[in-house]
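Step one of this worksheet: look at the structure below.
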Amino acid sequence: MEDRQNRLFLALILSMGVWFLVTYYFNPEAGKPKQQQKTEQTPVENKENVKQETKVEPKPVVTATNPKDVKTFTFKTEAHIVVLSSLGGRIEKFYIRNYKNVEGTEINITRADFQEIEVEGEKIKAIELSRGKGFDFNFSHRKEDVAASEWNHLNFKAEENKEDQSITFTATEKGVLLKKVFRFFPHENYFKTEISITNLGKDKLFFGDREKPAYLRTFGSLGPLPLEREANTQELSKFFRVYRMDGSEKDFADGGDAWGFWEGIRNFIFGHPNGNEFYKEVWSSGEGVDYIGSGSRYFLAAADTLNHPAEGILLDNRKKNETGTILAYSNITLDPGKEETLEFANYVGIREWDGMLFRDPKLDPFKNPKSTFIGLSADLNKSFNQGIFTPIRNGIVWFLQQSYKYTIPSYGFGILLFALVFKLVFYPLNQKQAEAMKKMSALSPELKKLNEKYANDPAKKQEKMLELYKKHNMNPLSQLGGCLPMLIQLPIFFALYVAFADTIDLWKSPFLWISDLSEPDFIWTSPAIPYLAAAGLSINLLVLLMVGTQFLSMKLTSVQTDPNQKMMMYLMPVMMVFFLWSMPSGLTLYWTVTNVLSIAQQWVTNIRKKDETPVKV
């Protein structure tokens, strides 16, 4: 953007960037194709291949298991409470609770929508991440059954080992023995899963091949969901799915169409390349699948393949599905009596790098080559996908945490302090801009006369303007200097957005009248307005304050020699109201404070430089 000729146009570009960010994150359906048929419809014909594929709901499986025979087992670690069931040999409930990080500081998880879980006579506050639907770790051989594996309806034999906090489930179906071992660790955010398939038959078993893959569903969509109401569109847009294959990572919105943003635009313009994509397979061309996972605003559940990477993944693209990302195996072939074991390291915790650190060095695969987690991906922390501004975001979060710890325990105050420190660090640059704007303001009347006098002779007007600048020792590009602080602030702005969008420390943090710095500052919402606003209209006080200070700042630091620029100065604040209405209030607070500091600096500069008035031509 260096070649732009005035700072207001740069501000417009910045606003369009904000608009794009808001559209992408707060309305992930924008630009995505509408599905032309529901999952119940059949059949869909491909003109190039006359083969028909029927998209149906999973076949109901009737189980004869007596509910009295179903057993449940509860495991408690410092961070988790996990309830497993013999029915399906699966995780029935998965909770996360307050725990201490590697520095011994408590991570406050149970800020909202928590439940009290009684474990061994102790009531513990915790948040359920399994949405009441559990996590399977079971196979299917039909795409349509991935959300309801037939193994889920079998009552597994269970053997609990309390000494090493593990449980083993075994079941037999159609000549296949399936054994699953879940092992939990008292001080870690990880647990391990070993899934063994044994061929009990007399013939070779093609458990998974390219024609009929074995689909393994680990984690479904992640919670938490609101306890007392339905999740709204903005909340649902925070849920995502992720996978890393062949050294490349992809993530996309969960609970809706799984197409990526740009892929959605391509499909919208050119149509779907393969027709119906309700169930989409993606196959590896080399290294296989490193890990898959599901995430929500503050949490992540990821399954890392330790010893046998899957050859592909399956994406369930049905509307409002909660299936997660499914592993697809195409090379599991077993001779009679032979066994294949798949090992997984599973992380469930906050979306922070330090959450993935091991507490026990003996379990850390990067420190101990004999660790049970050997083979863990060194890129697992990339599943957070906090973007290219992650280093800046991490620095901001660290600053706010230190401010909270050593000054006033308020993240709102930390934002004020951060804005002040940022201004002080860049004071020389900002001061040069303020002085340049003062000089330009003094030259404004003469520039206006030149504009009027040579309105029909642009070349002559340019010549006279250059003479005027030279006479008063002014750089004609000095106005562009005002863009530099804005360009520097742009990555800070986006990093702050990411920080307030996914940092659990900032969740439910109040400040002054603001109840939650991670949410918009809606101080009042009207009743529903038919045909206009079903949820009512809300007033965002902080955005209005920010826009007011933005207008005043632009008024003080801009020199309008062009009527079009003057019009943009009035138009931009109106645009900012629309762009920032649903942004986290912590971000808007930072921008407002920055505006106030800029206004103060320019006002002081104007007072001190009153005598610097150029000589008239």
Side-chain angles (χ1 to χ4, degrees), residues 68-102 104 109 117-126 128-130 134-138 151 154-172 177-198 218-219 301-308 339-349 355-376:
K68 295 182 180 180
D69 295 333
V70 177
K71 298 179 180 179
T72 59
F73 306 85
T74 301
F75 291 85
K76 180 180 69 172
T77 69
E78 290 183 359
H80 305 141
I81 298 173
V82 188
V83 181
L84 298 100
S85 173
S86 63
L87 183 61
R90 60 195 294 273
I91 295 174
E92 188 175 83
K93 300 274 187 179
F94 199 108
Y95 299 91
I96 189 168
R97 60 179 183 142
N98 295 353
Y99 69 96
K100 293 183 179 180
N101 61 19
V102 290
I109 301 290
I117 312 300
E118 186 170 341
V119 182
E120 299 174 353
E122 178 186 5
K123 289 186 176 181
I124 302 173
K125 292 181 179 179
E128 185 185 355
L129 297 182
S130 48
F135 299 137
D136 291 353
F137 289 88
N138 273 329
W151 293 96
L154 296 179
N155 196 30
F156 282 62
K157 178 183 177 182
E159 295 182 8
E160 182 181 11
N161 187 330
K162 294 185 178 181
E163 184 176 345
D164 66 356
Q165 284 198 289
S166 68
I167 188 166
T168 302
F169 294 109
T170 54
T172 303
L177 172 64
L178 187 65
K179 182 175 75 172
K180 297 190 292 182
V181 180
F182 294 89
R183 186 182 177 189
F184 303 92
F185 301 85
H187 311 296
E188 309 297 340
N189 291 332
Y190 294 87
F191 68 95
K192 188 174 182 182
T193 309
E194 296 180 4
I195 304 177
S196 301
I197 308 109
T198 304
T218 57
F219 298 104
D304 188 297
T305 57
L306 296 179
N307 68 330
H308 186 151
E339 175 185 273
E340 179 76 32
T341 300
L342 311 176
E343 298 182 14
F344 299 91
N346 307 289
Y347 171 82
V348 182
M356 288 189 164
L357 297 178
F358 284 87
R359 276 60 175 168
D360 185 352
K362 294 181 180 179
L363 293 174
D364 190 340
F366 306 108
K367 296 179 179 179
N368 180 16
K370 296 182 179 180
S371 166
T372 187
F373 291 104
I374 198 69
L376 182 70

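Because the structure is predicted, anything quoted here is derived from the model rather than measured.
Residues satisfying the ring-ring contact (aromatic ring centres under 6.0 Å, His included) test with Tyr95, not counting sequence neighbours, are none. Every residue was checked against the ring-ring contact (aromatic ring centres under 6.0 Å, His included) condition with Phe169, not counting sequence neighbours, and none meets it.
Summarising the geometry, atom CG belonging to Leu357 is positioned 10.0 Å from atom CD belonging to Glu188; distances are rounded to the nearest 0.5 Å. One finds the OG atom of Ser85 at 5.0 Å from the CD atom of Glu92 (value rounded to the nearest 0.5 Å).
Salt-bridge formation is detected for the pair Glu343/Lys192: a Lys NZ or Arg NE/NH1/NH2 atom is positioned less than 4.0 Å from an Asp or Glu carboxylate oxygen. The residues Lys76 and Glu122 are annotated as salt-bridged, a charged nitrogen and a carboxylate oxygen being separated by less than 4.0 angstrom.
Remark: of the listed residues Val82, Thr168, Ile91, Ile91 is the sole one forming a side-chain contact (heavy atoms from CB on, under 4.5 Å) with Phe182. Each of Thr218, Thr341, Leu178 was compared with Ile195 under the side-chain contact (heavy atoms from CB on, under 4.5 Å) criterion, and only Leu178 meets it.
Side-chain atoms of Ser86 and Lys157 form no donor-acceptor pair, as typed in the model, at a separation below 3.5 Å. Inspection of the Glu340 and His308 side chains reveals an N or O donor paired with an N or O acceptor under 3.5 Å. Side-chain contact annotation: Asn138 with Lys180, donor-acceptor N/O pair under 3.5 Å present.
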**Report entry** Working for side-chain contact (heavy atoms from CB on, under 4.5 Å), residues Leu129 and Val348
**Finding:** CA-CA 9 Å; Leu129 297 182; Val348 182; 3.6 Å; yes
Query raised in the report: Do Lys179 and Thr198 pass the side-chain contact (heavy atoms from CB on, under 4.5 Å) test, and can you show the C-alpha distance, the side-chain angles, and the key distance before you say yes or no?
Result: CA-CA 8 Å; Lys179 182 175 75 172; Thr198 304; over 6 Å; no
Report task. Could you check Leu84 against Thr72 for side-chain contact (heavy atoms from CB on, under 4.5 Å), going step by step and ending with a plain yes or no? Result -> CA-CA 5 Å; Leu84 298 100; Thr72 59; over 6 Å; no
Requested in this report: Check the pair Ile167 / Val181 against side-chain contact (heavy atoms from CB on, under 4.5 Å), numbers first and verdict last.
Outcome: CA-CA 6 Å; Ile167 188 166; Val181 180; over 6 Å; no
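Aromatic ring centres of Phe94 and His80 lie closer together than 6.0 Å. Between Phe75 and Phe185, a ring centre-to-centre spacing not shorter than 6.0 Å is recorded. Centroid-to-centroid, the aromatic rings of Phe366 and Phe358 stay 6.0 Å apart or farther.
Closest approach of Gly355 and Asn189 over heavy atoms only: O-ND2, 2.8 Å. Looking at every heavy atom in both residues, Leu376 comes nearest to Leu306 through N-CD2, 3.5 Å.
The aromatic rings of Phe137 and Phe219 sit perpendicular, their planes meeting at an angle over 60°, well past the 30° parallel limit.
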